[in-house]
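Within every chain, numbering begins at 1; the chains are lettered A, B, ... in the order of the sequence lines, protein sequences first and strands thereafter.
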Amino acid sequence: MERLVVVSEYELQRSSMVKILKKSFYNRDTALVAQELLGKIIVRIIDQDTPLKGRIVETEAYIGSWDKACHAHKGKRVANAPLFGPVGHAYVYFIYGMYYCLNFVSRTTQEPSGGVLIRAMEPIDGLEYMQHKRHTTKLHNLTSGPGKLTKALSITTVQNGVNLMQQGELYVLDAPKIDPKNIVVTTRVGISKAADEKLRFYIKDNPFVSKK
DNA sequence: CACCCGATTATCT
DNA sequence: GATAATCGGGTGT
């Protein structure tokens, strides 16, 4: 069978009626970006024929200079360098000796660093792959936590620094904005410093959120 | 170089 | 509700 028409990646993107989030989205206040990432679509390409997709339902903002819970708080290191790098790129770190956490670098030009932790997503495509990786078939437990989500999507430090704004192994699609009335704003999970800051955001009543 | 502990989760009791 | 699993970076000797 002969392929008669070559469609550019740009056309493919337009024809599917979705846009990849670009720099202007990420280059804003980290807390606002965390809130507006709710509902957006993460695309993870491992096998071109079966893209993995999920809808973000829970995030947390970590804002470099003043936020004592942020990995970048004490300054730039090799390990946290992506937080100081260009927005719209991934920051992936290894935690507790066995899990990976996925962040999207985001900040205003006034801040030296910042990122949004992706805490949970609603699985959309590639469920079979995710279920295999997670050793469970229960959808509500597949990607309802930062460590679960990276496991389901096979995201490790290999993806650290990946550009999320171009079609590749990991990128993010735009989607309708969630009504702020349906967003819960509360304190972040699992931290001891700056524990009172309300920088956690999740979609109200969504069963794929990590906790209630 | 020893020690501590963390943006977690699965698996107990 | 409590805890084990497991390890790299940060801190201090």
Side-chain angles (χ1 to χ4, degrees), chain A residues 26 29-38 40 42 54 56-85 87 89-107 111-123 130-162 164 170 172 183-203 207-212:
Chain A
Y26 296 101
D29 176 69
T30 313
L32 176 64
V33 173
Q35 183 160 336
E36 296 203 357
L37 274 170
L38 295 177
K40 306 301 189 239
I42 297 177
I56 299 171
V57 299
E58 180 183 357
T59 61
E60 283 178 359
Y62 288 86
I63 309 170
S65 61
W66 53 268
D67 179 6
K68 291 183 178 174
C70 183
H71 287 176
H73 172 244
K74 292 184 178 178
K76 189 174 179 179
R77 306 269 191 284
V78 172
N80 64 18
L83 285 173
F84 294 81
V87 300
H89 288 235
Y91 165 53
V92 183
Y93 64 87
F94 185 55
I95 189 71
Y96 294 117
M98 59 190 96
Y99 301 109
Y100 296 92
C101 287
L102 171 66
N103 297 250
F104 297 164
V105 178
S106 154
R107 74 183 101 87
E111 289 289 345
S113 60
V116 176
L117 170 68
I118 309 303
R119 283 197 59 88
M121 71 178 201
E122 176 179 341
M130 298 187 210
Q131 288 166 329
H132 174 69
K133 294 292 292 187
R134 288 274 300 121
H135 305 292
T136 179
T137 57
K138 296 177 182 175
L139 297 186
H140 70 268
N141 190 36
L142 260 195
T143 52
S144 55
K148 298 178 188 179
L149 172 158
T150 52
K151 185 74 177 177
L153 298 178
S154 285
I155 289 172
T156 69
T157 46
V158 170
Q159 280 71 46
N160 195 24
V162 160
L164 303 164
L170 182 64
V172 189
I183 296 177
V184 178
V185 182
T186 184
T187 53
R188 295 171 292 185
V189 176
I191 56 170
S192 54
K193 303 167 205 161
D196 293 337
E197 297 287 347
K198 292 183 175 165
L199 292 172
R200 177 178 176 227
F201 308 89
Y202 63 88
I203 299 178
F208 302 98
V209 166
S210 68
K211 299 177 183 178
K212 288 187 178 179

Item to check | Heavy-atom neighbours of A:K40 NZ exceed 12 at 6.0 Å | outcome: yes
Item to check | Nucleic acid contacts of residues 71-84 of chain A, taken as heavy-atom distances under 4.0 Å to DNA chain C | outcome: A:K74, A:R77
Checklist entry - At under 4.0 Å, does any side-chain N or O of A:R119 touch on OP1 or OP2 of B:dT8? => result yes
Item to check | Distance in angstrom units between A:K193 NZ and C:dG10 P, rounded | outcome: 12 Å
Item to check | Spacing of A:M98 atom CE relative to C:dT6 atom C1', expressed in whole Å | outcome: 4 Å
Checklist entry - Are any non-hydrogen side-chain atoms of A:Y26 and A:L164 less than 4.5 angstrom apart? => result yes
Checklist entry - Given that both distances must come in under 3.5 Å, which nucleotide forms a Watson-Crick or G-U wobble pair with B:dT9? => result C:dA4
Item to check | Span that lies between the P atom of B:dC4 and that of C:dA4, in whole angstrom | outcome: 16 Å
Checklist entry - With centres under 5.5 Å and planes under 30°, do A:Y93 and B:dA7 count as stacked? => result no
Checklist outcome for this item: Numerically ordered, the residues 142-154 of chain A set in heavy-atom contact under 4.0 Å with DNA chain C is none
Next on the checklist: Is any side-chain heavy atom of A:Y100 closer than 4.5 Å to one of A:I155?
Outcome noted: no
Item to check | Spacing of A:I191 atom CD1 relative to B:dG6 atom C1', expressed in whole Å | outcome: 12 Å
Checklist entry - Once you round to the nearest 0.5 Å, how far does CG of A:L170 lie from CD1 of A:I42? => result 7.0 Å
Item to check | Distance in angstrom units between A:Y96 OH and B:dA10 P, rounded | outcome: 14 Å
Next on the checklist: Can you see if the side chain of A:R200 gets near the phosphate of B:dA7 - specifically, an N or O under 4.0 Å from OP1 or OP2?
Outcome noted: no
Item to check | Smallest separation among heavy atoms of A:T143 and A:A152, with atom names | outcome: CG2-CB, 3.7 Å
Checklist entry - In terms of side-chain heavy atoms, does A:K133 have a donor or acceptor partner in A:S154 at a distance below 3.5 Å? => result yes
Next on the checklist: In this structure, how many angstroms lie between the P atom of C:dG9 and the CG atom of A:N160, rounded?
Outcome noted: 12 Å
Item to check | For atom OH of A:Y91 and atom P of C:dG9, their distance in whole Å | outcome: 11 Å
Checklist entry - Any idea which of B:dG6, B:dT8, C:dT6 is nearest the A:C101 side chain? => result B:dT8
Next on the checklist: Between A:R188 and A:E197 (salt bridge meaning N to carboxylate O under 4.0 Å), is one present in this structure?
Outcome noted: no
Item to check | Distance, nearest 0.5 Å, that separates CD1 of A:I118 from OG1 of A:T150 | outcome: 11.5 Å
Checklist outcome for this item: Whole-Å distance, A:K68 NZ to C:dG10 P, equals 19 Å
Item to check | Check: A:T137/A:Q131 side-chain N/O donor and acceptor closer than 3.5 Å | outcome: no
Checklist entry - Counting any heavy atom closer than 4.0 Å, what does A:F94 reach on the DNA or RNA strands: base, sugar-phosphate only, or nothing? => result sugar-phosphate
Checklist entry - Which nucleotide in the list B:dA7, C:dA5, B:dT8 gets nearest to the side chain of A:V189? => result B:dT8
Item to check | Length of the OH-C1' vector between A:Y99 and C:dG9, whole Å | outcome: 20 Å
Item to check | Whether A:H71 and A:Y91 hold their rings parallel, tilted or perpendicular, with breakpoints at 30° and 60° | outcome: perpendicular
